[in-house]
2 protein chains.
Amino acid sequence: MKKPEEQFLDYLARKRLKNTSQRMTILSAFLRQKAHLSTEEFYLQLRKEHPGIGYATVHRTLKLFAECGIASERNFGDGQMRFEVSLGNEHHDHLVCTSCGQILEFENQQIEQLQIDVARTHNFIIEDHRLELYGLCSACHTTEQPPVS
Amino acid sequence: MKKPEEQFLDYLARKRLKNTSQRMTILSAFLRQKAHLSTEEFYLQLRKEHPGIGYATVHRTLKLFAECGIASERNFGDGQMRFEVSLGNEHHDHLVCTSCGQILEFENQQIEQLQIDVARTHNFIIEDHRLELYGLCSACHTTEQPPVS
DNA sequence: ACGATATTGAAAACGGATTTCAACTTATAG
DNA sequence: CTATAAGTTGAAATCCGTTTTCAATATCGT
């Protein structure tokens with residue numbers, strides 16, 4: 001498994017793109033972040049330490065990460081695109097808390113296999129899939145916390 | 001099981017909303033349509049027979065359908081909201097063809113059960129979920145048809 | 001029919017994603 | 001080490017689907 005930095009630099013070289021300080025700064029911050037941040041949220045975080053970097057650059061760079069395989073784009077239906085580190089973080093699905101917004105990851109090999117079976121019975125070739133469970137996380141339903149309105 | 005028309009009228013009454021000709025026209029067209037149409041697509045269809053109805057009204061009425069349970073909103077990641085008849089069309093998941101855009105429905109009770117198990121092990125209360133498999137439908141991969149670019 | 005209230009359609013506003021563009025930076029060739 | 005071509009940057013503009021605004025209109029209860 002290649003390191004993300006290496007994979008990104010390889011990608012830049014292959015595409016004759018340039019290695020800029022902004023890109024390296026964004027990459028380093030992206031690999032450090034743990035949550036499933038939207039472009040906006042990530043930008044606001046980054047801006048604290050690097051006020052000079054513009055939103056457009058952050059957006060473009062996150063897309064580059066997705067193209068070269070070190071990030072994956074997620075859409076949990078809240079109208080914001082989210083990015084997560086995908087390299088070294090193997091396939092998983094998500095539990096999304098509709099009260100606090102927390103996003104948990106899970107993996108279930110049986111479900112994966114059943115999906116393959118479903119596809120086969122429909123003579124369908126799977127390229128990608130998404131499975132998300134929406135509801136209340138442990139913290140939100142045990143404390144009777146009302147949903148944020 | 002209540003009829004969709006009945007359920008909608010009940011909902012209107014309960015909320016002190018009014019029964020207008022536009023709403024009935026839209027309901028009837030919506031129940032007749034089979035595909036998973038976006039608001040825009042549905043509006044363009046409807047406009048052929050009913051040129052007087054505005055986009056805003058269609059949009060608002062589709063949202064009403066979702067609120068009263070006869071429609072459900074879907075988002076397949078193409079940036080458009082889609083609506084499908086949900087009343088009398090029990091829970092199912094989707095196979096989305098990335099080449100021709102066709103959307104097939106499927107149901108798998110084993111997957112449903114495994115989802116419940118996953119939620120339980122995370123002490124998570126499921127309110128909703130979505131499972132979509134993206135790829136090539138039978139027609140698109142057997143004919144070697146290149147993806148639309 | 002009246003009056004209160006909801007609805008309508010057109011247009012404007014909204015919000016996030018994406019593009020434009022002139023100034024600037026990087027990589028490569030000389 | 002320049003010079004130069006090509007890519008990148010940040011701010012602002014644009015895009016595009018969704019949602020709201022508002023004045024005119026329709027509906028419903030009386």
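Values below: every heavy atom of this structure, side chains too, minus hydrogens, waters and symmetry copies.
When the salt bridge (Lys or Arg N to Asp or Glu O under 4.0 Å) test is applied to B:Glu67, no partner is found at least two apart in sequence or on another chain. For A:Tyr11, the ring pair (Phe, Tyr, Trp, His ring centres under 6.0 Å) test picks out no residue, with sequence neighbours left out.
In this structure, the helix from C:dA1-D:dT30 to C:dG30-D:dC1 shows an angle of 30° between the axis at its start and the axis at its end, each fitted on 5 base pairs and rounded to 10°.
Relative ring orientation between B:Tyr55 and B:Tyr43 is described as perpendicular, the plane-to-plane angle rising above 60° on a 0-90° scale split at 30° and 60°.
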Derivation and outcome, ring pair (Phe, Tyr, Trp, His ring centres under 6.0 Å), residues A:Phe106 and A:His94
CA-CA 6 Å; A:Phe106 73 90; A:His94 297 89; 8.0 Å; no
Evaluate the salt bridge (charged side-chain N to carboxylate O under 4.0 Å, His left out) criterion for residues B:Glu132 and B:Arg74: first the C-alpha distance (whole Å), next the side-chain angles of each, then the deciding distance (0.1 Å), finally the verdict.
CA-CA 11 Å; B:Glu132 291 139 23; B:Arg74 298 285 176 181; 5.3 Å; no
Evaluate ring pair (Phe, Tyr, Trp, His ring centres under 6.0 Å) for A:Phe83 paired with A:Phe65, printing each intermediate quantity in order.
CA-CA 9 Å; A:Phe83 290 85; A:Phe65 293 167; 8.4 Å; no
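Between the side chains of A:Thr39 and A:Gln80, not a single donor N or O lies within less than 3.5 Å of an accepting N or O. Between the side chains of B:His50 and B:Gln22, no donor-acceptor pair is found at a separation under 3.5 Å.
Within a heavy-atom distance below 4.0 Å of DNA chain D, the residues of residues 11-21 of chain A found are A:Arg16, A:Leu17, A:Lys18, A:Thr20.
With contacts defined as side-chain heavy-atom distances shorter than 4.5 Å, the pair B:Gln113/B:Ile116 qualifies. Between A:Phe30 and A:Val85, the closest side-chain pair of non-hydrogen atoms falls below 4.5 Å.
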Scoring nucleotides 12-23 of chain C by protein non-hydrogen atoms under 4.0 Å (B base, S sugar-phosphate only, - none) yields ----SSBBB---
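Along DNA chain D, the stretch of nucleotides lying under 4.0 Å from any heavy atom of chain B spans, 5' to 3', D:dG17 to D:dC28.
Residues B:Leu12 and B:Lys18 share a closest heavy-atom pair of CD1-O, 3.9 Å.
With B:Glu73 as reference, B:Lys63 is the one residue of B:Lys63, B:Arg130, B:Arg82 to meet the salt bridge (charged side-chain N to carboxylate O under 4.0 Å, His left out) rule.
Rounded to whole Å, atom P of C:dT25 lies 15 Å from atom CZ of A:Arg23.
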